[in-house]
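Okay, structure first, notes after.
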Amino acid sequence: MNAAPPALNRSLKPLPKPPVRIVHLGLGAFHRSHQAWYTQHAPDAAEWGIAAFTGRRPDAAAALSRQDCLYTLVERSAGGDSFEVIGSIVEAVDGANIARLCELVAAKETAIVTLTITEAAYGLAADGTFDAGAPGAVDDLRALSAAASGGTGAQGSGVPVTPLGRLVLALARRRDSGSGPIAVVSCDNLSANGEVARRAVLGLAGAWGQGLVEWIEANVSFVSTSVDRITPRTTEADIAEVAEQCGYRDRSPVVAEPFRNWVLSGGFPAGRPRWEDAGAVMVGDIEPYENRKLWLLNGSHSILAYAGQLRGHATVAEALADPVCRKAVEDFWNEAANHLTAAGLDIPQYRRALLDRFGNARIAHRLAQIAADGTTKLRMRAVPVLLAERAAGRSGSGSALMLASWVDYAGSGAEFQDPLAEDIKAANGLSGTPRVQALLRLVSKDIANDDGIVSLVSGLCGTFHAHPAKTASPTHL
Ligand code: CS2
């Protein structure tokens, strides 16, 4: 019988352990395949270690800590896998450990806080404003007040629940410690994500009081980024493959496509790694890049997620191979391309590359994973293109079809996560056009108030049929 392979840790793989200068909120697979990879590949990697905090659950931090924060990045191309041990994360912490978060953010050496906290976690209302009455904000404000009056940090008192609540408290500690300016870098798929982060942080800080708003305005640089690397959830088969191919036990490998992209815009007042030498791109105006990625990649992902599942598919590659889904994607891309005209975007090449990336069947990217948080995602992926098409005098049916596929999916009985799940349930109690309108209102008031759009979307409902429908023929395509 073969002996069990040794566990992955820093004595097995003695990688350098740089000092913490980056704090990350949202320790998950994407952070590990993307920002941690870029940090490891920067030429000054030896100076930049990451302390990564989990979101709701401590599990990922516990698993990673057991192997000294090392993990294997499996780069999965259509032709095969390659393996690399990543060591740029040097501390993995339970997100509820607010004392450690405050200590690290307040430390002079810390220069950057990066965020992958999901689109929905920014908690802004559909019109982009901060809502102090939202459930997360109410709980956070209670906790922040307890912290300000000397809360112990024990259960419930002084421990903000949301990542942004935690960040606001940690920024207050940085101000108190006099450690100076810092950059907050949003790496979530939102347009103008730096600006969104700024609004959310300032909104909460303002509602809390404490004079923090002025300090943040003067000392915190909110950097906008466009991030890209398809990173499906790790499976038991991936874990077994790493053991077999690498000869060690890694309970937390991460799998990603070979492609990666990071565009950043904004200042780093306390310095940053030379990520550009690892392929990141620093730009003055991020909007064209951001829209290209959010619309072409994420938008078509959402179409595939809803239409694909309605037609009985489970992964991106399966759905894309279905001509009905593929046509819906191409139609939407044609609409989006009308509004992606900045020099250098090379949309035809970008589309070709996407077809290759999505078609990589060795990456089992689950549609159910992409279907989550539709109300927040569609607001950025479908609505801007739809409104721009209509403003140009065209119907916008390609973008409207993305919304219709979500409306149908929301009524299909499939289980899915959404920050407005309760409102979706209530809207589903209606029928016909009023139901469609109530659902669209959760995505954007602008479109729900436009009768032409509501009737366009209503007319497109049913295009992909209810599942199981792999064999059904399309009616509208
Ligand atoms: C996906 C993204 O889950 C989703 O909504 O569209 O996570 C997508 O895979 C990444 O943005 C790729 O960079």
Side-chain angles (χ1 to χ4, degrees), residues 26 28-38 55 73 75-76 114-122 186-191 193 196 224-234 254-264 279-281 286 289-309 313-320 325 328-329 332-333 336 350-351 353-385 402-403 405-406 409 414 416-419 443:
F30 181 70
H31 170 65
R32 297 194 289 133
S33 77
H34 191 271
Q35 302 100 63
W37 182 93
Y38 278 94
L73 175 65
E75 208 168 276
R76 182 159 292 167
T114 50
L115 309 173
T116 54
I117 57 179
T118 79
E119 294 94 320
Y122 291 79
S186 169
C187 300
D188 287 293
N189 290 317
L190 292 153
S191 32
N193 51 13
V196 172
S224 278
T225 72
S226 171
V227 291
D228 195 1
R229 189 164 207 183
I230 290 171
T231 308
R233 231 166 249 156
T234 305
V254 56
V255 177
E257 63 171 340
F259 180 94
R260 57 192 164 255
N261 186 242
W262 198 8
V263 187
L264 301 98
V281 186
I286 201 167
Y289 301 93
E290 200 170 67
N291 288 343
R292 180 179 66 176
K293 197 264 170 172
L294 270 174
W295 297 346
L296 298 184
L297 188 148
N298 297 113
S300 58
H301 255 177
S302 289
I303 295 178
L304 294 171
Y306 304 122
Q309 290 191 90
H313 307 301
T315 68
V316 169
E318 275 171 33
L320 189 72
C325 297
V329 164
F332 173 69
W333 280 351
Y350 193 88
R351 286 172 62 157
L354 278 185
L355 290 174
D356 260 14
R357 294 170 64 194
F358 288 0
N360 177 358
R362 297 191 67 248
I363 293 267
H365 198 186
R366 318 290 304 169
L367 297 172
Q369 183 182 343
I370 300 168
D373 298 343
T375 51
T376 314
K377 290 177 178 175
L378 295 177
R379 200 171 293 153
M380 263 130 356
R381 300 178 182 192
V383 175
V385 178
M402 188 193 311
L403 293 164
S405 67
W406 171 74
Y409 183 75
F416 63 100
Q417 173 196 314
D418 195 283
V443 176

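Residue numbers count from 1 along this sequence. Read the numbers this way: they start at 1 and go in the same order the structure lists the ligands and their atoms. Since the model is a prediction, treat every value here as computed from it, not as a measurement.
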Parallel, tilted or perpendicular, as decided by the 30° and 60° cut-offs, for the rings of Phe30 and His34: parallel
Whether His301 and Phe358 hold their rings parallel, tilted or perpendicular, with breakpoints at 30° and 60°: parallel
From Val227, Asn298, Thr376, Asp373 - option closest to atom 2 (C) of ligand 1 by heavy atom: Asn298
Sub-4.0 Å heavy-atom contact, His365 with ligand 1: yes
Quick test: of every protein heavy atom, which one is nearest to [atom], and how far off is it to 0.1 Å?
atom: atom 4 (C) of ligand 1; result: Lys377 NZ, 3.6 Å
atom: atom 12 (C) of ligand 1; result: Asp228 OD1, 3.3 Å
atom: atom 6 (O) of ligand 1; result: His301 ND1, 2.8 Å

Under the side-chain hydrogen bond (donor to acceptor under 3.5 Å, both in side chains) test, residues paired with His31 that sit two or more places apart: His24, Gln35
Heavy-atom donor-acceptor pair, Trp262 side chain to Thr225 backbone, under 3.5 Å: no
Side-chain (Lys377) to main-chain (Ile370) donor-acceptor, under 3.5 angstrom: yes
Check: Ser302/Arg381 side-chain N/O donor and acceptor closer than 3.5 Å: yes
Atoms in ligand 1 flagged as close to Arg229, the criterion being non-hydrogen separation under 4.0 Å: 12 (C), 13 (O)
Which of the ligand 1 atoms, numbered from 1, are nearer than 4.0 Å to a heavy atom of Arg381: 4 (C), 5 (O), 6 (O)
Under-4.0 Å heavy-atom contact with ligand 1, by part of Asn189 that carries it: side chain
Part of Arg357 within contact of ligand 1 (heavy atoms, under 4.0 Å): neither
Contact (N/O only, under 3.5 Å) between Lys293 and ligand 1: yes
Inter- and intrachain pairs under salt bridge (charged side-chain N to carboxylate O under 4.0 Å, His left out), touching residues 359-370, at least two apart: Asp81-Arg362
